[in-house]
Amino acid sequence: MSVLDLARPEIRAMQPYSSARMEASGGQILLNANESPWSSNGDDLGCNRYPDPQPAALIDALAALYGVQRDQLLVGRGSDEAIDLLVRAFCRAGEDAILIQPPTFGMYAVCAHIQNAAVIEVALAADFTLDVDAVLAAVTPAVTPAVRLVFICSPNNPTGQTVPRAAVERLVQALAGRAVLVVDEAYVEFAEAGSVADLIGQYDNLAILRTLSKAWALAGVRVGTLLAHADVIALLRRIMPPYPLPLPCVAAALAALSAPSVAAEHIALIDEQRGVMRAALAQVAGVREVLPSQANFLAVRFDDAGAVYQRLLAAGIVVRDVRRYPNLADALRITIGTPAENARVLAILQGGAA
Ligand SMILES: *Cc1c(COP(=O)(O)O)cnc(C)c1O
């Protein structure tokens, strides 16, 4: 059985859009795409031309960075786009489902709702670890709606825990022929355990989401990557918009990737500051618990999270109110900033019991 047997048959059968850039590349005089022959004012990137759908230089750089083959990788507008493409390709509207483990990142459920796929929830344990048996029990074959995609987020947003590699392997093996396991590694650069991207070659039902938005300081550039079996990548390319990556964004991504030591320094500083903040916050009056985190944020429980949120806001500091998430009714999520910004947060919180 191929992983493609899990995909929507009409997506496998459809004739994809064929753009001018795909049909013919090269040539000196380009009169095939109804572009302007002139660059616009101030444009030194050649933005009068449509961009390469999957720019070769960026594909090469990301394949090297993530340790996969070029055909095992799809670059899109943030990992958000990859989540959407996965749901569209694998979930039949009104019939299939995704499985998530709350509290977790909101986009999985949003993309499922847009596609009219059901969302099956298997809550994380009280300590926010993943219950592999409970997940597998919820992915029962021949039951409607059929779970096609199982999302796990490691490190998890908004709680910060990672899923052990052994659990990922158990899941992906048990789900073979039943569902695709999607591991969202948006924050993995900040984690000690590291990526499971090296497993891509072993399992055709494994997909991994990576992004330049967090550790690479490029949230505004919107470059995210899906790593998966070449068949899955080829399938998603059929339904991807024709020109997803704007030329200035590709240029910005390549510039950042050419100076990896800058990102590495910042990652090390964030990891160090996360430890400093965790220890300091635990001493603050009104703090109940600082959850252990392997990401660039801390989830913090307070006696009165609402009051703390307002006090920080009054001081010009915006944190994320995560009280609507299950098991986090007393928590705020605080991103690790510069050392000066973090010191300011502590100063406000130490200024009096909340
Ligand atoms: C921030 C984040 C992303 C990144 O999304 P982009 O679209 O790549 O910016 C993906 N997953 C999780 C869990 C996140 O927190």
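Order of listing sets the numbers, starting from 1, for every ligand and every atom in it.
With Q202 contributing its side chain and L199 its backbone, the two residues share no donor-acceptor pair below 3.5 Å. Within the 3.5 Å criterion, the main-chain N or O of Y66 finds no donor-acceptor partner in the side chain of R210.
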Pairs of nitrogen or oxygen atoms, one from ligand 1 and one from the protein, closer than 3.5 Å: please tabulate them with distances.
from, atom 1, to, atom 2, distance (Å)
ligand 1, 5 (O), S79, OG, 3.3
ligand 1, 7 (O), S79, N, 3.1
ligand 1, 7 (O), D80, N, 3.0
ligand 1, 7 (O), D80, OD1, 3.4
ligand 1, 7 (O), D80, OD2, 3.3
ligand 1, 7 (O), R222, NH2, 2.7
ligand 1, 8 (O), S79, N, 2.6
ligand 1, 8 (O), S79, OG, 2.7
ligand 1, 8 (O), T211, OG1, 2.6
ligand 1, 9 (O), S213, OG, 2.6
ligand 1, 9 (O), R222, NH1, 2.7
ligand 1, 11 (N), D184, OD1, 3.3
ligand 1, 11 (N), D184, OD2, 2.6
ligand 1, 15 (O), N157, ND2, 2.8
ligand 1, 15 (O), Y187, OH, 2.6
ligand 1, 15 (O), K214, NZ, 3.3

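Between D198 and R165 there is a salt bridge, since at least one side-chain N of the basic residue sits less than 4.0 Å from a carboxylate O of the acidic one. Here R222 pairs with D80 in a salt bridge; the nearest charged N to carboxylate O distance falls below 4.0 Å.
The local environment of CG in D5 is crowded, with over 12 non-hydrogen atoms from other residues, nucleotides or ligands closer than 6.0 Å.
Between F190 and Y187, the ring planes lie tilted relative to each other; the angle falls in the 30° to 60° range.
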